[in-house]
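Step one of this worksheet: look at the structure below.
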Amino acid sequence: MNDKIEKYSIKELLDQYKIFLNKTVLVEGWIRSFRNSIFVSLNDGSTIQNLQIILSKNLEKNFLKKITIGTSIQVIGIITESIGKKQSIELRSLKITIYGGVDPKNFQKSILQPKQHSLETLRKQAHLRFRTNLFSSIMRIRHHIAFFIHKYFHKNGFFYINTPIITTSNSEGSGEMFQVTTIDLKNVPVKGKIDYKKDFFKCQTYLSVSGQLEAETASLALGKVYTFGPVFRAENSNTSRHLSEFWMIEPEMAFYHLEENMNLAEDFLKSIIKSILDFCIEDLSFLNEHIKKWNSKKKEISLLEKLKFILKFPFQRISYTEAINILKKKEKNKNFVYPVIWGIDLQSEHEQYLVSEYFQSPVIVFDYPSCIKAFYMRMNKDRKTVRAMDVLFPEIGEIIGGSQREERYDMLLNRIKDTKIDSRKLWWYLDTRRFGSVPHSGFGLGFDRLVQFITGMKNIRDVIPFPRTPNNAEF
Ligand code: 4AD
Ligand code: MG
């Protein structure tokens, strides 16, 4: 029956409202508010903006009762210029169809109720929080970041590689892994110890913590590649920056030295932030205002200022040893909880001091002690440090971790042995150093941490649809 009436998203209608004036259109969405028995605010998720619907006057009382917040409807109506100043256009309804009503008893308990809900409450109703302005803004921005990342690499000659999610090795050597098995846990085949020959893959398997090692093998043929996928870490880290399941982007480049790797990391991060400032300004402005309310008592810079600030100056680059020297000088004044000794892994308090106080800019720390970094990083001449680099951001801390890789067969084999990794499992990785090995580098960007930084959210659980953290895998 609606043969000739075209369906549009609210974003399409608002973006080009002039061409729709006085046209009959069809829109669908969820009711956000209902005032004076005639004004309905409709949202369809395509934009943070709502479309104002003016209901026709001849609707029956019983029908009006069903027009409640959260109800999903279809409206056919005529687009007219709005008299009100809040919106450019409104839709004068000719016909309304209700798809799904709202259960009045449960509505009271749901986060759809129009009042301030805490972020914790929103998390408990993760399936409904997409309907809030806050979370839908974050999700739209998350999409644009992912989309831009693919565009950036494509434009710069990188190939997208899919690395396996089920693996037999732990490339990072640290942190616990989730085991993958089809063994019946009530009836485990035992031959002295568990007989993994009876398991699905005839060996012990895990969810991958990183696609790097496989990406390296691809880069040593294709030149520049990247992965973008989920990774899994069973560390018991209950912080605002850790997830047990998160998304990582891992570019890997043949013939790249550490400095080129750092240049890429910096350009990559700045380009993403710039593009989001260009493309998502509506959602960012909403978040900017929202966050200002949270920070009302503090003299913090706004979200938009913070993002623009990142673009302004080159990232500071210092060696790990220089970083330790700076921290040592300040140790007494700052009362760090963790003592500053050469060889320690930098703690969050140290990173934040360097970034937010000492340099007041993002910092790239390079040449870390080999004892705190993974086996695959290239050993320096001092035989104590490796060509690692971490990009540290305000609030977030480490947003990127990367390195130049050890391309020398003997050196790599020694590191594998020293770190007590089973070299037999990595025969294929070692092979790449036997056949035309080249200097190469890469890094891993924590996607959710980047979304967290760009949206200004304090907790990483508020930037991923269904967070997986210790003790929590609901939904
Ligand atoms: O520093 P990581 O462990 O590096 C690697 O996995 C390398 N294989 C990357 C490479 O060189 N190809 O992790 C990379 C980034 C971190 O800098 C951080 O942003 C993020 O991944 N990350 C996490 N994000 C959320 N939750 C966690 N538990 C994270 N652990 C690391
Ligand atoms: Mg790291």
Side-chain angles (χ1 to χ4, degrees), residues 142 145 149 153 158 161 163 167 169-178 207-219 224-253 256 258 261-262 264-265 268-269 272 320 345-348 351 355 362-366 368-369 372-378 386-406 429 440-454 457 459-464 467-470 472:
R142 190 177 163 106
I145 300 174
I149 287 172
F153 284 131
F158 283 71
I161 294 290
T163 50
T167 66
S169 57
N170 180 348
S171 59
E172 295 312 299
S174 64
E176 297 294 313
M177 299 175 88
F178 292 101
L207 292 180
S208 180
V209 298
S210 155
Q212 179 197 316
L213 302 192
E214 290 89 350
E216 274 188 58
T217 67
S219 80
K224 294 194 282 189
V225 300
Y226 72 102
T227 71
F228 191 155
V231 290
F232 308 86
R233 297 190 184 179
E235 304 157 82
N236 202 0
S237 301
N238 243 316
T239 81
S240 59
R241 298 174 303 122
H242 285 88
L243 291 166
S244 313
E245 175 182 289
F246 62 99
W247 288 72
M248 187 150 62
I249 296 107
E250 296 186 276
E252 191 67 40
M253 298 75 67
Y256 263 49
L258 187 71
N261 199 23
M262 294 197 270
L264 177 75
F268 180 49
L269 287 169
I272 297 169
Y320 170 89
D345 218 348
L346 294 183
Q347 299 296 317
S348 181
E351 296 176 345
V355 172
V363 178
I364 309 184
V365 179
F366 57 90
Y368 279 80
I372 54 168
K373 288 291 182 188
F375 72 92
Y376 51 70
M377 300 190 181
R378 193 177 202 277
V386 286
R387 297 247 80 189
M389 63 110 179
D390 280 359
V391 182
L392 310 180
F393 257 34
E395 293 158 21
I396 304 291
E398 182 194 329
I399 197 158
I400 278 182
S403 64
Q404 182 170 335
R405 318 307 189 187
E406 183 55 81
Y429 184 69
H440 62 289
S441 301
F443 61 79
L445 166 68
F447 181 59
D448 312 274
R449 286 196 188 169
L450 178 65
V451 180
Q452 194 187 349
F453 180 76
I454 291 181
M457 299 306 289
N459 196 316
I460 199 164
R461 295 163 204 210
D462 297 324
V463 304
I464 183 163
R468 298 296 179 242
T469 50
N472 177 32

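Every value quoted in this text rests on a predicted model; they were computed, and no experiment measured them. For ligands, and for the atoms within them, numbers begin at 1 and follow the listed sequence. Note: hydrogens, waters and symmetry copies are ignored here, and every other heavy atom, side chains too, is used.
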Only one of I396, V451, L243 passes side-chain contact (heavy atoms from CB on, under 4.5 Å) with I460, and that residue is L243
Does a side-chain heavy-atom distance below 4.5 Å link [X] with [Y]?
X	Y	value
I464	F246	no
T227	Q212	no
S348	R241	yes
H242	N238	no

Using heavy atoms and a strict 4.0 Å limit, residues surrounding ligand 1 turn out to be E172, S210, Q212, R233, R241, H242, L243, F246, M248, E250, Y376, E398, I399, I400, G401, G402, R405, G442, F443, G444, G446, R449, I460
Excluding water, the protein N, O or S atoms sitting under 2.8 Å from the Mg ion (ligand 2) are E398 OE2
For R449, the salt bridge (charged side-chain N to carboxylate O under 4.0 Å, His left out) test, sequence neighbours excluded, returns none
Sequence neighbours excluded, the answer for side chain to side chain donor-acceptor pair (under 3.5 Å) partners of Y368 is D390
Looking at E252 and R405, is any side-chain nitrogen of the basic one under 4.0 Å from a carboxylate oxygen of the acidic one? yes
key: Sidechain-backbone polar pair: S441 side chain, Y256 backbone, donor-acceptor under 3.5 Å   = yes
